[in-house]
Amino acid sequence: MLNVTNLSHNFGPYWALKNCSFSLDKGEFLFLTGSSGAGKTTLLRLLYASLPVMRGNVTVAGYNLRALPARKVPDLRRQVSVVFQDFKILPYRTVYQNVAMALEVRGLNQVHIDRRVRAVVRGLGLESRINMLCGELSGGEQQRVAVARSVVVNPKILLADEPTGNLDEELAARMIGIFKQFHMHGTTVVLATHSSDIVRMHPEARQLRLEHGKIVAANWRGAEIFSDGISEVHV
Amino acid sequence: MRVFFKLLGQGVRDIALHPWAQLMTLLAVTFITFLAGLMLLGVGNLDNELRVTRGEVAFQIYWKENASPERVKTAWRSLRGMDGVVEVLTYTPKQALKDLSSTLPGGSRGLLQAESSPLPYTAVIKFAHRSGDVASWKKATLAALKGLPDVRSVRSSSLKDEVSRAWQELSSTFMAPVLVFLVLILSMAVGNTMKLSLISRQDEIEILKLVGAKNWYIRTPLLVGGALLGSVGGLLGVAGLYAAWWNLKDTFNFAPLYWELHFLPVDQALMLILIPMLVGCVSSWVAVRN
């Protein structure tokens with residue numbers, strides 16, 4: 001589903017990612033952790049073709065991003081949804097319009113769009129807000145709108161960049177619960193966070209820890225494997 | 001198709017996002033169209049007037065003094081059958097003398113009351129304005145007229161013809177650059193407004209791209225907005241021009257000019273609406289292509 005080989009990326013003299021390699025199968029849940037500036041956002045941007053892959057190789061949902069022409073980027077993004085810390089929703093549009101936007105660009109028929117949007121909005125507990133302008137919603141509700149827009153299209157891969165960064169602990173836990181629900185339905189999820197608490201609450205998920213653009217540790221089923229090959233089992 | 005019409009509707013609705021900028025652009029398009037139309041109207045009417053009254057090519061034909069009247073009258077009949085003839089004026093020696101004496105002051109008229117006129121048979125033949133290789137045509141016509149039986153000499157009114165030709169050459173030379181210049185200003189005005197629309201919709205465009213919208217989906221509303229600005233501006237410009245023409249059409253319609261202004265031909269008026277529409281569309285496309 002997702003294969004990254006020897007991926008490096010620089011912004012001028014600054015190397016944001018250095019020689020990263022990992023792969024994910026369909027339906028896996030990966031936490032991408034690390035402090036600010038570790039390279040999490042750069043890695044995610046490379047995965048949804050917001051940045052060009054110049055060194056190394058990346059395959060996402062069958063698309064080779066190194067050789068992906070610009071006209072094919074929309075096709076990739078119909079398979080890969082993204083959730084951002086700053087939500088990226090339109091405050092002057094209603095909840096319904098924000099969520100429906102992702103289906104409208106695909107040219108689906110209105111009956112299908114309507115049914116799907118209402119189902120997802122109901123699933124995320126926003127039914128009573130469906131006709132409200134997003135600018136009038138709370139932060140947690142806005143984040144749920146962003147998630148609704150991402151999952152309404154049934155993406156193969158869901159990328160989330162610090163989706164809980166603007167939420168309090170309780171809301172953050174609920175948000176992760178929502179991601180887990182969609183993961184249970186077969187969506188591959190990559191979630192970038194700097195909160196170790198969130199990661200600790202989900203030991204069954206995979207984890208990659210980045211530092212200064214390098215993968216320094218990987219966690220798999222309770223075992224943390226450091227880049228020097230030494231592993232440590234958590235009890 | 002439903003999506004396309006939805007995007008068309010969005011293009012129209014998006015005009016309300018920056019009403020003042022759109023209004024200013026609309027005024028600019030209207031004003032430029034009006035100016036271009038005014039220029040076309042002025043040049044077209046002047047052109048037309050020159051063609052009708054001064055663009056004719058006239059030849060004066062003088063027969064020999066001893067020319068046979070029958071042969072001259074046969075020649076006059078053949079003149080009327082020539083291609084492009086507008087008018088043929090003929091004068092027998094007596095008619096010519098009478099015509100000449102009527103133009104002289106009263107006291108001098110008696111001098112020309114002779115029994116036998118000293119003037120020859122004369123004809124003035126006028127041809128309609130013609131385009132193309134006028135010089136060759138004039139040369140050939142002159143030769144044909146000189147070849148008529150008993151003709152002594154033929155003169156042509158080349159000065160009037162040259163003035164007309166010079167004007168037409170001048171008008172066709174400066175019209176094109178001025179129109180191109182106006183189209184350029186038009187495209188800059190519309191393109192700039194579309195760029196502004198684009199900047200104001202940057203968040204929306206970013207989100208549309210993230211959810212997999214294709215370029216045409218993002219661009220169509222902006223192209224529609226540009227085309228709409230262009231066509232409405234063009235329409236208002238032509239309407240303004242019509243109002244101006246209606247008020248000015250009889251300004252020069254007095255003796256001795258009798259020059260009535262005509263409105264633009266339908267094809268030119270349509271062009272004044274279609275060109276801004278196309279320019280609006282193209283300049284919007286240029287503004288949003290990146």
Side-chain angles (χ1 to χ4, degrees), chain A residues 44-45 47-50 61 63 69-84 86-93 97-113 117 134-135 142 145-161, chain B residues 1-23 191 193-229 281-282 284-290:
Chain A
L44 289 182
R45 287 184 68 189
L47 295 182
Y48 66 85
S50 166
Y63 291 90
R71 66 189 160 79
K72 287 278 179 194
V73 170
D75 296 335
L76 166 81
R77 289 184 183 167
R78 290 179 182 200
Q79 310 291 333
V80 181
S81 287
V82 197
V83 180
F84 298 89
D86 61 354
F87 318 142
K88 290 205 192 298
I89 54 174
L90 297 170
Y92 51 85
R93 296 249 167 116
Q97 288 169 332
N98 267 284
V99 179
M101 185 188 272
L103 295 169
E104 282 167 353
V105 302
R106 288 159 167 80
L108 300 176
N109 88 37
Q110 195 54 45
V111 177
H112 177 81
I113 292 175
V117 169
C134 284
Q142 290 189 15
V145 174
V147 173
R149 189 189 60 208
S150 300
V151 299
V152 76
V153 294
N154 274 334
K156 286 184 179 166
I157 300 174
L158 181 59
L159 307 176
D161 190 5
Chain B
M1 194 51 83
R2 189 187 61 80
V3 175
F4 181 70
F5 283 115
K6 179 184 162 291
L7 294 176
L8 288 187
Q10 193 186 331
V12 176
R13 281 193 303 276
D14 283 353
I15 288 179
L17 286 178
H18 287 287
W20 282 109
Q22 307 277 359
L23 186 68
T193 305
M194 287 305 117
K195 199 85 187 169
L196 189 70
S197 290
L198 195 73
I199 290 167
S200 74
R201 291 185 60 210
Q202 215 152 25
D203 287 347
E204 188 178 345
I205 288 168
E206 189 186 350
I207 293 167
L208 283 170
K209 283 186 170 178
L210 281 173
V211 297
K214 306 245 176 188
N215 280 338
W216 68 266
Y217 189 94
I218 296 167
R219 288 174 185 170
T220 303
L222 290 158
L223 296 188
V224 170
L228 201 69
L229 268 184
C281 218
V282 170
S284 303
W285 183 79
V286 171
V288 304
R289 75 185 158 157
N290 294 321

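Values in this document were obtained by computation on a predicted structure and should not be read as measured data. Note on naming: letters A, B, ... go to the chains in the order of the sequence lines (proteins, then strands), and numbering restarts at 1 for each one. No hydrogens, no waters, no symmetry mates; every other heavy atom, side chains included, goes into these values.
Side-chain contact between V153(A) and V211(B) is absent, with no heavy-atom pair separated by less than 4.5 Å.
Residue L208(B) holds its CG atom at 7.5 Å from CG of L90(A), rounded to the nearest 0.5 Å.
Using a 4.5 Å cut-off between heavy atoms, L103(A) makes no contact with chain B at all. Looking at L108(A), the atoms closer than 4.5 Å to chain B (heavy atoms on both sides) all sit in the backbone: N, CA, C or O.
The candidate with the highest count of non-hydrogen atom pairs below 4.5 Å against chain B, out of G107(A), P74(A), P155(A), A102(A), is P74(A).
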May I have a table of the donor-acceptor pairs connecting chain B and chain A at distances under 3.5 Å?
residue, atom, partner, partner atom, Å
R2(B), NH2, L108(A), O, 2.8
E204(B), OE1, Y92(A), OH, 3.4
E204(B), OE2, R93(A), NH1, 3.4
E204(B), OE2, R93(A), NH2, 3.2
E206(B), OE2, K88(A), NZ, 3.3
K209(B), O, R77(A), NH1, 3.4
V211(B), O, R106(A), NH1, 3.2
G212(B), O, R78(A), NE, 2.9
G212(B), O, R78(A), NH2, 3.1
K214(B), NZ, D75(A), OD1, 2.8

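Across all their heavy atoms, V105(A) and A213(B) have their closest contact at CG1-CB, 3.7 Å.
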